[in-house]
2 protein chains.
Amino acid sequence: MTSSRSTRRDALRNRDAILDAAARCLSDDPGASMSDIAKAAGVVRVTIYGHFASREELVEAVLIRTIDRSEAELAELDLEGDPVAALDRLVRRSWRIVDTFHRLLGAAEEALSNERIMAHHAEPMARVQALIERGQREGSMRRDLSAEWLTTCFSALLHSAAAELRAGRLAEADADRVVATTVVSLLTAPAG
Amino acid sequence: MTSSRSTRRDALRNRDAILDAAARCLSDDPGASMSDIAKAAGVVRVTIYGHFASREELVEAVLIRTIDRSEAELAELDLEGDPVAALDRLVRRSWRIVDTFHRLLGAAEEALSNERIMAHHAEPMARVQALIERGQREGSMRRDLSAEWLTTCFSALLHSAAAELRAGRLAEADADRVVATTVVSLLTAPAG
DNA sequence: TCTTATCTCGACACCGATGTATAAGTTAAT
DNA sequence: ATTAACTTATACATCGGTGTCGAGATAAGA
């Protein structure tokens, strides 16, 4: 098992290229084939099997990697203080990431049956929900809808914005403002 | 081509059963196979090819049929008068339909390349957008976000509600109120 | 009842994707 | 420079899905 020599640099580079390519391919087509991914990585298909035993394993690796990166990106974000301001920061910072992740999850659902992965997905959303619950307790966010449902809306709106951006129906320059305005106003809307 | 005898009743029945089954199967799994659909229709796979030349043709037929039915269901809805009240009626009446349709469209995107179909899809959404635009003109709906984007939000929220309902995270009894409240409050929110 | 349309059954060719195997070439560690 | 690790090229087995075909069974129209 443990060989005398250490892993070669080009092998590590390839492994990385494959993960990058897979992330790109799978997020814009959940059904992307191993050949597609290999081509995008500048590698021959068989090479992928030198690093990942199966498509399933590759998808899982990509997903975990993306989760870790997202976590890192969002971890440094301050969610303390005024909940509405925190929400605004959160939205502006995370909506692109959330979307990539969401699309990747689409690919994973077809290829994976791993609850551990789903647990990983639940965690960041739980953080959003906690923020919303705090906003509700402190009176700056609406109480007529459940925090759970509002969290779902949060996610849906971020995802829609990303889709509109991709489709060219939303201008890059407007995007941040639009998505933040939308989410914040929905969560702070009057009880009617 | 035109045979002396008219089409047999059981053939029509089967054709119908196939369309029904396809609508069900494809809306909860866009990748459902011809075998799956045949099984659900109580028919053998080859029989489908007696009615539809290919998977593509079947998907198209299902889509058109669903569009027609949705149109019929929504056509009788009165969108005149107070735009906000009309929006409320529209949401409550259409969110389930919109979702089925949306899911079917997911199946179609993989199997079809037909712009005519996409045009059909655009029409009902255009009606929603027109209503929103009227609301904006008459001052009862927000103007700080474009009618186009608000239409997208409308669709996204309806779709989310349906997904939550399916997942059991939203109670059947609450659903109508929740989705209507959400959409209406987002579209009438103050400009901040 | 007779006739014809339609359904079933089983088999088949085809395609694209996954995963394995082997030999020969290339690259990096030591 | 030597050696082990890695990549390539190529071929193959397998699997599931699509679409086709022909023969026999069955149901409906006249």
Side-chain angles (χ1 to χ4, degrees), chain A residues 1-22 24-26 28-63 106-114, chain B residues 1-22 24-26 28-63 106-114:
Chain A
M1 295 291 131
T2 320
S3 51
S4 47
R5 292 193 181 177
S6 58
T7 315
R8 262 166 53 178
R9 290 226 186 104
D10 60 340
L12 293 175
R13 242 181 303 129
N14 276 337
R15 198 191 141 88
D16 238 54
I18 291 166
L19 284 168
D20 281 346
R24 263 179 290 132
C25 293
L26 292 173
D28 66 50
D29 173 17
S33 72
M34 294 298 260
S35 306
D36 294 336
I37 296 171
K39 210 169 295 174
V43 165
V44 117
R45 189 174 63 93
V46 207
T47 303
I48 299 185
Y49 290 98
H51 296 277
F52 306 94
S54 65
R55 186 177 200 279
E56 188 170 337
E57 215 172 86
L58 172 60
V59 171
E60 184 168 340
V62 171
L63 194 63
E109 271 167 10
E110 285 178 2
L112 260 59
S113 58
N114 202 330
Chain B
M1 296 289 131
T2 321
S3 51
S4 47
R5 293 193 181 178
S6 59
T7 316
R8 262 166 53 179
R9 288 221 187 110
D10 59 343
L12 293 175
R13 252 201 316 263
N14 277 338
R15 198 193 141 89
D16 237 56
I18 291 166
L19 285 168
D20 281 346
R24 265 179 287 133
C25 293
L26 292 173
D28 64 52
D29 173 17
S33 72
M34 296 296 260
S35 306
D36 294 336
I37 296 170
K39 210 170 295 174
V43 165
V44 119
R45 188 173 65 92
V46 210
T47 303
I48 299 185
Y49 290 98
H51 296 278
F52 306 94
S54 66
R55 186 177 199 280
E56 187 169 336
E57 215 172 87
L58 172 60
V59 171
E60 183 167 339
V62 170
L63 195 61
E109 272 167 10
E110 285 178 3
L112 260 58
S113 57
N114 202 329

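Lettering of chains follows the sequences in order, A, B, ..., and the numbering in each one begins at 1.
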Next item on the list: May I ask you to test the Arg24(A)-Ile37(A) pair for a side-chain heavy-atom distance under 4.5 Å?
Entry: no

Margin query: Checking Ser33(A) now: which residues fulfil side chain to side chain donor-acceptor pair (under 3.5 Å) with it, not counting sequence neighbours?
Written below: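 Testing Ser33(A) for side chain to side chain donor-acceptor pair (under 3.5 Å), a comparison that skips the adjacent residues, returns Asp36(A).
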
Next item on the list: With sequence neighbours excluded, tell me which residues meet salt bridge (Lys or Arg N to Asp or Glu O under 4.0 Å) with Asp10(B).
Entry: Arg8(B)

Checklist line | Glu56(A) backbone acceptor or donor facing Glu60(A) side chain under 3.5 Å | finding: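 No, because the side chain of Glu60(A) does not come within donor-acceptor range (under 3.5 Å) of the backbone of Glu56(A).
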
Next item on the list: For DNA chain C, determine which residues of residues 34-48 of chain A have any heavy atom closer than 4.0 angstrom to one of its atoms, and list them numerically.
Entry: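 When residues 34-48 of chain A is checked for heavy atoms under 4.0 Å from DNA chain C, the hits, listed by number, are Met34(A), Arg45(A), Val46(A).
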
d([atom1], [X]; [atom2], [N]) in whole Å:
X        : N       : atom1 : atom2 : value
Phe52(A) : dT7(D)  : CZ    : C1'   : 15 Å
Tyr49(B) : dA13(C) : OH    : C1'   : 14 Å
Arg15(A) : dA5(D)  : CZ    : P     : 18 Å
Leu12(B) : dA5(C)  : CG    : P     : 15 Å
Arg55(A) : dT18(C) : CZ    : C1'   : 10 Å

Return no unless some side-chain N or O of [X] is found under 4.0 Å from OP1 or OP2 of [N].
X        : N       : result
His51(A) : dT7(D)  : yes
Thr7(B)  : dA28(D) : no
Asn14(A) : dC6(D)  : no

Note to self: Using the side-chain heavy atoms of Ser33(A), tell me which of these nucleotides is nearest: dT7(D), dG19(D), dA17(C).
What the structure shows: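 Nearest to the side-chain atoms of Ser33(A), counting from C-beta on, is dA17(C).
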
Under 3.5 Å, which donor-acceptor pairs link side chains of residues 39-52 of chain A to any protein atom two or more places apart or in another chain?
from: Thr47(A); atom 1: OG1; to: Val44(A); atom 2: O; distance (Å): 3.3

When you compare the protein's N or O atoms with those of nucleotides 26-28 of chain C, which come within less than 3.5 Å of each other, and at what distance?
from: dT27(C); atom 1: O2; to: Arg8(A); atom 2: NH1; distance (Å): 2.8
from: dT27(C); atom 1: O2; to: Arg8(A); atom 2: NH2; distance (Å): 3.4
from: dA28(C); atom 1: OP1; to: Arg13(A); atom 2: NH2; distance (Å): 3.4

Per-pair distances, 0.1 Å, donor-acceptor, side chain in residues 11-19 of chain A, under 3.5 Å, sequence neighbours excluded:
from: Asp16(A); atom 1: OD1; to: Arg65(A); atom 2: NH2; distance (Å): 3.4
from: Asp16(A); atom 1: OD2; to: Arg65(A); atom 2: NH2; distance (Å): 3.3

Check: If you pin Gly31(B) and Gly50(A) to their nearest nucleotides in DNA chain D, which one's is more 5'?
Finding: Gly50(A)

